[in-house]
Amino acid sequence: MKKIRWFISLIAIAALILSACGNNNDQKEKQTQDQEKNALQEIKDKGEITVGIMGTYAPYNFMNENKEYDGFDVDIAKELAKRLGVKANFVAQEFSGLIPGLQKGKFDILVSQVTITDERKKQIDFTEPYITNKVKVIVREDNNDIKSVNDFKGKTIGVGLGTNDEAYLRNELLPKVGDFKINTYDDVITTLKDLDAGRIDATINNVYALKPVIEENGYKIKAVGDPIKEDQAGVAVKKGNKELVDALNKALKEMKEDGTYKEIYVKWFDEVPTEE
């Protein structure tokens, strides 16, 4: 009889524990849903969305002669903000600090050529891609030794710190090509400046970034060979903010459908986007 009572008591305790766990899970799920709603609602309530950018990466995002942030990313972010019914407030940060800043709440979103990768998807959420970039090898004009990444062995290659290009060099190219030295930089301008001065042998970057830098600084550099890869960038959002991601995706879709995206693209790159 004692064993029966003990068994019944055990079942009752187990039921209480399961019920408590179920309630905790429900509360956590509700809390997550509330956070998702709050992220979008808070942006609308304050009337502005804080956008993280590098601010040194023409023609995507840079400070123009009027001391205002300008570029393809900036125009995309302004249009997204407009369609959410708010204004865009831009905050510049070295690229390596953008994702940590987003995670800590310094920014609401990042619109700064943040390449979508599986590794980054573990840390942050992305909208659908808003641009595809072709990445090439870049060398000095008088360099005829490096024609592709296969010629990197024994050379010094510059790259942006914390970028997808850095990960590509370390994780994919080094094992295939052989040993080469990697120098990291906080911005593209400094990377290309060192390339022009001969302090590094080559770098990799997307071809759209070359033209404004060459025109402004007179660097004697060139892109060589075929594109080594294509990267897709998306608007980055703190993990778990599904409603905000959905709202941004809706705005991007409408921009492409009504021709606004095409206008912005042609304005900065003098060609029609292939995504359409």
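Please read these numbers as outputs of a predicted model, since none were measured by experiment.
- Side-chain heavy atoms closer than 4.5 Å link hydrophobic residues (I, L, V, M, F, W, Y) into clusters, and following such links, possibly through other members, connects Val86 to Val245.
- Heavy atoms of other residues, nucleotides or ligands lying less than 6.0 angstrom from CD of Glu216 number 12 at most.
- When the side chains of ILVMFWY residues are joined at heavy-atom separations under 4.5 Å, either directly or via intervening members, Val188 and Leu169 end up in two distinct hydrophobic clusters.
- Remark: Tyr130 OH to Phe72 CZ distance equals 6.5 Å, nearest 0.5 Å.
- Side-chain N or O atoms of Tyr69 include none that pairs as donor or acceptor with a backbone N or O of Asn64 at under 3.5 Å.
- In the hydrophobic clustering of ILVMFWY residues, with side-chain heavy atoms under 4.5 Å counting as a link, Phe180 and Ile138 come out apart.
- By the 4.5 Å heavy-atom criterion applied to side chains, Pro59 and Lys211 are not counted as neighbours.
- Side-chain contact of Lys106 with Gln93: a donor-acceptor pair under 3.5 Å is present, judged by distance alone.
- To the nearest 0.5 Å, the span separating CD1 on Ile43 from CG on Leu84 amounts to 7.0 Å.
- Contact detail for Ile264 and Met255: the closest heavy-atom pair is CD1-CE, 4.3 Å.
- Between Pro100 and Ser96, the shortest heavy-atom contact is CD-O, 3.6 Å.
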Take Val272 and Tyr265, measure what side chain to side chain contact (heavy atoms under 4.5 Å, CB included) needs, and give me the verdict at the end.
CA-CA 7 Å; Val272 176; Tyr265 197 98; over 6 Å; no
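- For the side-chain contact (heavy atoms from CB on, under 4.5 Å) test, residues two or more places apart in sequence or in another chain that qualify with Ser112 are Ile53, Met54, Asn61, Leu98.
- With values rounded to the nearest 0.5 angstrom, Lys250 atom NZ is found 15.0 Å from Thr127 atom OG1.
- Here the side chain of Asn143 pairs a donor or acceptor atom with the backbone of Asp145 at under 3.5 angstrom.
- Within the 3.5 Å criterion, the main-chain N or O of Asp196 finds a donor-acceptor partner in the side chain of Arg140.
- Residues Lys267 and Asp270 approach most closely at O-OD1, 4.5 Å, considering heavy atoms.
- With hydrogens and angles left out, the side-chain atoms of Tyr185 and Glu94 include no donor and acceptor closer than 3.5 Å.
- For the pair Lys222 (side chain) and Glu141 (backbone), a donor-acceptor distance under 3.5 Å is present.
- With values rounded to the nearest 0.5 angstrom, Gln113 atom CD is found 11.5 Å from Gln232 atom CD.
- A donor-acceptor pair under 3.5 Å is formed between the side chain of Lys136 and the backbone N or O of Gly225.
- Distance CG/Leu80 to CD/Glu254: 10.5 Å, rounded to 0.5 Å.
- Using a distance-only test at 3.5 Å, with no hydrogens or angles considered, no donor-acceptor pair links the side chain of Asn241 to the main chain of Leu244.
- Side-chain heavy atoms closer than 4.5 Å link hydrophobic residues (I, L, V, M, F, W, Y) into clusters, and following such links, even through other members, never connects Leu192 to Val139.
- At a threshold of 4.5 Å between non-hydrogen side-chain atoms, the residues Ile189 and Val213 count as touching.
- Between the side chain of Thr115 and the main chain of Asp231, no donor-acceptor pair closer than 3.5 Å is present.
- Within the 4.5 Å cutoff, no side-chain heavy atoms of Asp73 are placed close to those of Val51.
- Residues Asp45 and Gln41 bring a donor and an acceptor atom of their side chains to less than 3.5 Å of each other.
- Across all non-hydrogen atoms, the minimal contact from Ala236 to Ile124 is CB-CD1, 3.8 Å.
- Residues satisfying the ring-ring contact (aromatic ring centres under 6.0 Å, His included) test with Tyr60, not counting sequence neighbours, are Tyr57, Phe269.
- No side-chain donor-acceptor contact under 3.5 Å links Asn133 and Glu230.
- Cluster annotation: Ile182 and Phe95 are assigned to distinct hydrophobic clusters (Ile/Leu/Val/Met/Phe/Trp/Tyr, side-chain heavy-atom contacts under 4.5 Å, transitive).
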Just distance, no hydrogens or angles: give the donor-acceptor pairs under 3.5 Å from side chains in residues 146-163, sequence neighbours left out.
residue, atom, partner, partner atom, Å
Lys147, NZ, Asn144, O, 2.6
Ser148, OG, Asn150, N, 3.2
Asp151, OD2, Lys147, N, 2.8
Asp151, OD2, Ser148, N, 3.3
Thr163, OG1, Gly160, O, 2.7
Thr163, OG1, Asp165, N, 3.4
Thr163, OG1, Glu166, N, 3.2

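- At distances below 3.5 Å, at least one donor-acceptor pair connects side-chain atoms of Asp125 with backbone N or O atoms of Gly240.
- Taking a cutoff of 4.0 Å between a charged side-chain nitrogen and a carboxylate oxygen, Lys253 and Glu257 qualify as a salt bridge.
- Contact check for Trp268 versus Asp70: side-chain heavy atoms found under the 4.5 Å cut-off.
- A cation-pi contact, defined as under 6.0 Å to the ring centre and within 45° of the axis, is absent between Lys121 and Phe126.
- Gln103 places a side-chain heavy atom less than 4.5 Å from the side chain of Ile99.
- Annotation for Ile228 and Val137: closest pair CG2-CG2, 4.1 Å, computed over non-hydrogen atoms.
- In summary, the side chains of Thr260 and Arg83 do present a donor paired with an acceptor at a separation below 3.5 Å, with no hydrogens or angles considered.
- When all heavy atoms of Ala88 and Lys78 are compared, the pair lying nearest together is CB-CA, 4.3 Å.
- Atom-to-atom distance recorded for Asn183:CG and Thr203:OG1 is 10.0 Å, nearest 0.5 angstrom.
- Using a 4.5 Å heavy-atom threshold, the side chains of Ile49 and Asn89 count as separate.
- Two residues are said to be in side-chain contact when any heavy atoms from C-beta on lie closer than 4.5 Å; Tyr168 and Ile204 meet this criterion.
- Counting heavy atoms of neighbouring residues, nucleotides and ligands inside a 6.0 Å radius, atom NZ of Lys46 exceeds 12 of them.
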